[in-house]
Protein chains: 2
Amino acid sequence: MNATAPKGRGRPKVRPQALAGQAPAAREKPADKEQRIYAAIVDRVMEQRLKPGTRLPEAALCELFGVGRTLVQKVLQRLAHDHIVELRPNRSAIVAMPSREDVGKLFEARRALEAAVLPLVAAHASRADYASLRRQLRKEQNAMHRYAQSEWAGLASAFHLRLGELSRNPMLHRYLAEIISRCCLVVALFQPPGNATCEHDEHGRVVDCLEAGDVAGAQRENDRHLRDLEAHLQLVEEDTDLSLADMLGLPGRS
Amino acid sequence: MNATAPKGRGRPKVRPQALAGQAPAAREKPADKEQRIYAAIVDRVMEQRLKPGTRLPEAALCELFGVGRTLVQKVLQRLAHDHIVELRPNRSAIVAMPSREDVGKLFEARRALEAAVLPLVAAHASRADYASLRRQLRKEQNAMHRYAQSEWAGLASAFHLRLGELSRNPMLHRYLAEIISRCCLVVALFQPPGNATCEHDEHGRVVDCLEAGDVAGAQRENDRHLRDLEAHLQLVEEDTDLSLADMLGLPGRS
DNA sequence: AAACCTTTAATTGTCGACAAAAAATCCCCG
DNA sequence: CGGGGATTTTTTGTCGACAATTAAAGGTTT
């Protein structure tokens, strides 16, 4: 028996993957431990380093973050509530894998919610808010032109997230944040690397309309933008059903 | 020392209140235990038997439902995420007490969300759906005319909830459900008993517009209905701050 | 060689235990 | 008689322990 080909019985051991970036050096407030773990996982999902379908065993997370299972379970519970992870009974939690139907409903909800948010933004936003929005927009374009995709993906999401924040409504902001993080998941799932949607400053046009007081126009532009985004997804899914159907439909010659 | 006036030291014992209706007779699926507890508490809040500010100690819930603290904590976590209960560090969880500002934001979010949902309802609803909606409406009116307030409150909420369901969008449905349950909380908090808002079939008019294909009209009617509802709240709050201010402002003569 | 059964380890579900924090009471002192 | 601490009790925060479930590999039979 050698190490490369374990011949022992039972289930093969899975090696805990590198996930946590920073180790907890000094003692921290006990209340924020949970938030730290939650944020760490969400960030990894948003920047697409944690791909959909990745298993998240509790024990591994415990070691990585240096906490007990109770904390990890609480975090997983919250992540599951936000549909970031999928929680199956008596099975490992996995990063959520939305189905094709889910994606349709997800974007439908996003369009509806952002359309509902825009009037509030127009009503509440001050000149300084628009200025900071423009600043963020420039950073975004900068990243896009540098082909820094992973960074750009985060910034593009941040724009929409900021819109939710500018609505000055905590609940709508939270809902939008949840939907956007799910959309990042979908992009990671359906968009092979390198295929970035080259957007021609669609965000900028939304801000233009907003600042000019044209709410309906902003809604129209944003709706079109989101539909573009959805349409550019490569709707192919490496499903087990598909391969099984192939194997059954064609009598294998090997 | 007698039982009516405990003179022992330390914190006085709190008696667990009657909360759980049915005892778990036979063994049930372990997966649904959590759902049962969650639903039980939400129901009590919706029917306003659990009033805002009521303390919910974990140990009491454990005894009442016959489960360990882990389960209870999971449920409380979920309830807190939905803003049904408020979870303060190292303190008992209490049924949420939204502030006056929260109420404004809450109704703002509700108006925005329902307005966003209505077009989807009009797009997806079949004739049978409208029929069942009408049936529900009649039950609601019946309860109103019988002055069965607690029942009516539940049915009135159920109407809006059903609208979310008819949008055929699980996310928007869930968000609306969360907002509506919070609104029930608010009504329980700001509306003294017996003061029911006598609505003149405002729900019916929404359905009329919807069935006639007049989405904008439905949105207008619903928006007005919700503003009415908010306006009828008695914006008085028996706050500890208020009574304290009273005591400090007026030199007591007793 | 394919299907079935057995074995084994991984993994979650749930619980009680212990420590820490907070609140209410009592005691002491002015 | 009132105020400030010490004390006790309650209550939550967190953890490891044990049982139950699931998945995977090995072995066996046809």
Side-chain angles (χ1 to χ4, degrees), chain A residues 1 4-17 24 27-38 53-80 85-94 240 247-248 251-252 254, chain B residues 1 5-17 24 27-38 53-80 85-94 240 252 254:
Chain A
M1 311 184 214
T4 58
K7 295 192 64 171
R9 298 193 173 184
R11 202 180 194 182
K13 304 187 180 181
V14 288
R15 194 163 304 276
Q17 318 166 32
R27 202 161 300 160
E28 65 185 325
K29 289 175 194 166
D32 289 335
K33 267 201 272 191
E34 181 186 329
Q35 186 58 32
R36 196 195 73 213
I37 304 175
Y38 178 88
T54 307
R55 285 158 41 99
L56 297 173
E58 294 180 5
L61 298 176
C62 289
E63 279 195 33
L64 286 168
F65 290 103
V67 296
R69 274 191 340 123
T70 307
L71 257 302
V72 167
Q73 278 177 339
K74 249 203 280 200
V75 171
L76 287 177
Q77 201 74 24
R78 252 174 78 191
L79 289 167
V85 307
E86 216 165 305
L87 220 54
R88 304 111 92 211
N90 288 318
R91 308 274 295 278
S92 273
I94 61 172
T240 53
M247 292 174 83
L248 290 175
S254 106
Chain B
M1 315 184 213
K7 295 191 67 171
R9 297 193 173 182
R11 204 177 194 184
K13 304 187 180 180
V14 289
R15 196 162 302 277
Q17 317 165 33
R27 202 162 299 160
E28 64 186 325
K29 292 173 192 167
D32 289 335
K33 265 201 272 192
E34 181 186 328
Q35 187 58 32
R36 197 196 71 213
I37 304 176
Y38 178 88
T54 306
R55 288 158 40 98
L56 297 173
E58 294 180 4
L61 298 176
C62 289
E63 279 194 34
L64 287 167
F65 290 102
V67 296
R69 270 186 347 121
T70 308
L71 256 301
V72 168
Q73 278 176 339
K74 248 202 282 199
V75 171
L76 287 177
Q77 200 76 23
R78 253 173 78 191
L79 289 167
V85 307
E86 215 165 305
L87 222 52
R88 303 111 90 216
N90 288 318
R91 307 276 297 277
S92 273
I94 61 172
T240 54
S254 108

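Below, all heavy atoms of this structure are taken into account, side chains as well, without hydrogens, waters or symmetry copies.
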Starting from P on C:dT14, measure out to CG on A:Leu87 and report it in whole angstrom.
12 Å
If you assign B:Ala93 and A:Gly68 each to the DNA chain D nucleotide with the nearest heavy atom, which residue ends up on the more 5' nucleotide?
B:Ala93
Side chain of B:Asn90: nearest nucleotide among C:dT12, C:dA22, C:dC15?
C:dA22
Can you measure B:Arg91 atom CZ to C:dA21 atom P for me and round it to whole angstrom units?
15 Å
Between C:dC15 (P) and B:Ile37 (CD1): distance, integer Å
9 Å
d(NZ, B:Lys74; P, D:dT12) in whole Å:
18 Å
CA sep, side-chain torsions, deciding dist, call: A:Ile94, A:Arg88, side chain to side chain contact (heavy atoms under 4.5 Å, CB included):
CA-CA 8 Å; A:Ile94 61 172; A:Arg88 304 111 92 211; 3.4 Å; yes
How long is the line joining CD of B:Glu34 and C1' of C:dC15, in whole Å?
15 Å
Send over the distance from A:Arg88 CZ to C:dG13 P, rounded to a whole Å.
11 Å
Between C1' on C:dT14 and CZ on B:Phe65, what's the gap in Å once rounded to a whole number?
17 Å
Taking the side chain as C-beta and beyond, is there a heavy-atom pair between A:Phe65 and A:Lys33 under 4.5 Å?
no
Starting from the 5' end of DNA chain D, give me the residue, B:Leu76 or A:Arg69, whose nearest nucleotide shows up first.
B:Leu76
Looking only at D:dT12, C:dG16, C:dT12, the nucleotide nearest the B:Thr70 side chain is C:dG16
d(B:Ile37 CD1, B:Leu61 CG) to nearest 0.5 Å is 8.0 Å
Can you tell me how far C1' of C:dG16 sits from CD of B:Glu63, to the nearest Å?
15 Å
Taking the side chain of B:Gln73 as its heavy atoms from C-beta onward, which of D:dG13, C:dT12, C:dC15 lies nearest to it?
D:dG13
